[in-house]
Amino acid sequence: MPIEVHVQGRVKVGHLADFYDAVKTYQEYAKSQGYRLPKVLFGLSGDMNTVRLVYHYEDLNAYESHEVRTLTDRAYAEIAEQMGFVDGSLHYAVYRIL
């Protein structure tokens with residue numbers, strides 16, 4: 001059963017350009033390490049500076065394997081921290097695709 005994981009958050013005011021640079025670095029690193037690459041969405045309505053990263057997986061096992069790998073990868077975490085999300089603004093949602 002394919003799934004999508006949506007990670008939504010708000011970028012600190014005045015830091016969208018920093019987010020853009022950091023997400024480019026993040027995508028390059030993810031690609032080089034065989035991680036899933038997200039589709040990146042910038043909100044045009046709703047809360048200011050909202051972004052969403054959308055990941056696609058074949059099933060929940062693939063998602064879980066990805067999460068385990070990223071949680072133990074220090075370089076991945078350091079790059080992700082550079083995205084400048086407002087503390088407490090990240091929200092994860094997992095969707096089953098019919």
Side-chain angles (χ1 to χ4, degrees):
M1 136 181 84
I3 64 165
E4 276 189 1
V5 177
H6 293 220
V7 181
Q8 180 173 303
R10 281 186 305 112
V11 176
K12 295 173 187 168
V13 174
H15 291 272
L16 275 178
D18 297 333
F19 172 82
Y20 181 79
D21 292 340
V23 84
K24 290 290 222 181
T25 301
Y26 170 79
Q27 288 176 320
E28 290 168 6
Y29 180 78
K31 186 176 181 179
S32 76
Q33 299 301 308
Y35 289 126
R36 299 295 167 136
L37 294 175
K39 178 170 41 171
V40 181
L41 308 175
F42 287 86
L44 297 177
S45 65
D47 292 336
M48 187 175 178
N49 291 355
T50 297
V51 296
R52 182 178 296 219
L53 286 72
V54 180
Y55 297 85
H56 181 83
Y57 300 93
E58 300 82 36
D59 54 36
L60 286 170
N61 288 333
Y63 169 53
E64 185 176 282
S65 294
H66 179 260
E67 286 299 294
V68 168
R69 282 187 63 206
T70 61
L71 290 172
T72 58
D73 184 337
R74 184 184 273 316
Y76 182 94
E78 289 172 358
I79 292 167
E81 285 177 16
Q82 298 304 311
M83 289 186 203
F85 287 108
V86 172
D87 288 340
S89 73
L90 285 179
H91 173 76
Y92 288 73
V94 180
Y95 296 94
R96 179 178 152 191
I97 301 172
L98 296 178

Novice: Quick check on Glu67: does its CD atom have over 12 non-hydrogen neighbours (other residues, nucleotides or ligands) under 6.0 Å away?
Specialist: yes

Novice: May I ask you to say whether Glu58 pairs ionically with Arg36, meaning some side-chain N is under 4.0 Å from a carboxylate O?
Specialist: yes

Novice: Minimum heavy-atom separation for Leu37 and Ala30, please, with both atom names.
Specialist: CD2-CB, 3.7 Å

Novice: What's the separation between atom CD in Glu78 and atom CG in Asp73, rounded to the nearest 0.5 Å?
Specialist: 9.0 Å

Novice: Answer whether the closest heavy-atom distance between the side chains of Met1 and Asp59 falls below 4.5 Å.
Specialist: no

Novice: Say you draw a straight line from NZ of Lys12 to CZ of Phe85; how long is it, rounded to the nearest 0.5 Å?
Specialist: 11.0 Å

Novice: Got a second to check how far Leu53's CG is from Gln27's CD, nearest 0.5 Å?
Specialist: 7.5 Å

Novice: At what distance, to the nearest 0.5 angstrom, does OG1 of Thr70 lie from CD1 of Ile79?
Specialist: 12.0 Å

Novice: Does some side-chain heavy atom of Thr50 sit less than 4.5 Å from a side-chain heavy atom of Gln8?
Specialist: yes

Novice: Given side chains that start at C-beta, do those of Val40 and Tyr20 come closer than 4.5 Å, heavy atoms only?
Specialist: no

Novice: So, Arg52 side chain and Gly43 main chain: donor-acceptor pair closer than 3.5 Å or not?
Specialist: no

Novice: Just how far is it from atom NE2 of His66 to atom CG of Leu71, taken to the nearest 0.5 Å?
Specialist: 10.0 Å

Novice: Fit a plane to each ring of His6 and Tyr95, take the angle between them on a 0 to 90° scale, and name the class: parallel (under 30°), tilted (30 to 60°) or perpendicular (over 60°).
Specialist: perpendicular

Novice: Parallel under 30°, tilted from 30 to 60°, perpendicular over 60°: which one fits the rings of Tyr35 and Tyr29?
Specialist: tilted

Novice: Are Val7 and Tyr76 connected in a single hydrophobic cluster, I mean Ile/Leu/Val/Met/Phe/Trp/Tyr linked by side-chain heavy atoms less than 4.5 Å apart?
Specialist: yes

Novice: Contact between Phe19 and Asn49 at the side-chain level, heavy atoms closer than 4.5 Å - yes or no?
Specialist: no

Novice: Could you state whether Tyr26 and Leu41 fall into the same hydrophobic cluster, counting links through intermediate Ile, Leu, Val, Met, Phe, Trp or Tyr residues with side-chain heavy atoms under 4.5 angstrom apart?
Specialist: no

Novice: Under a 4.5 Å side-chain heavy-atom rule over Ile, Leu, Val, Met, Phe, Trp and Tyr, are Val54 and Val51 clustered together?
Specialist: no

Novice: Please determine whether residues Leu60 and Tyr57 belong to a single hydrophobic cluster, defined as Ile, Leu, Val, Met, Phe, Trp and Tyr linked transitively by side-chain heavy-atom distances below 4.5 Å.
Specialist: yes

Novice: Is there side-chain contact between Ile97 and His56, with heavy atoms separated by less than 4.5 Å?
Specialist: yes

Novice: Do Tyr55 and Val94 share a hydrophobic cluster, counting only Ile, Leu, Val, Met, Phe, Trp and Tyr and linking them when any side-chain heavy atoms are less than 4.5 Å apart?
Specialist: yes

Novice: Report, as yes or no, whether the 6.0 Å neighbourhood of atom OH on Tyr92 holds more than 12 heavy atoms from other residues, nucleotides or ligands.
Specialist: no

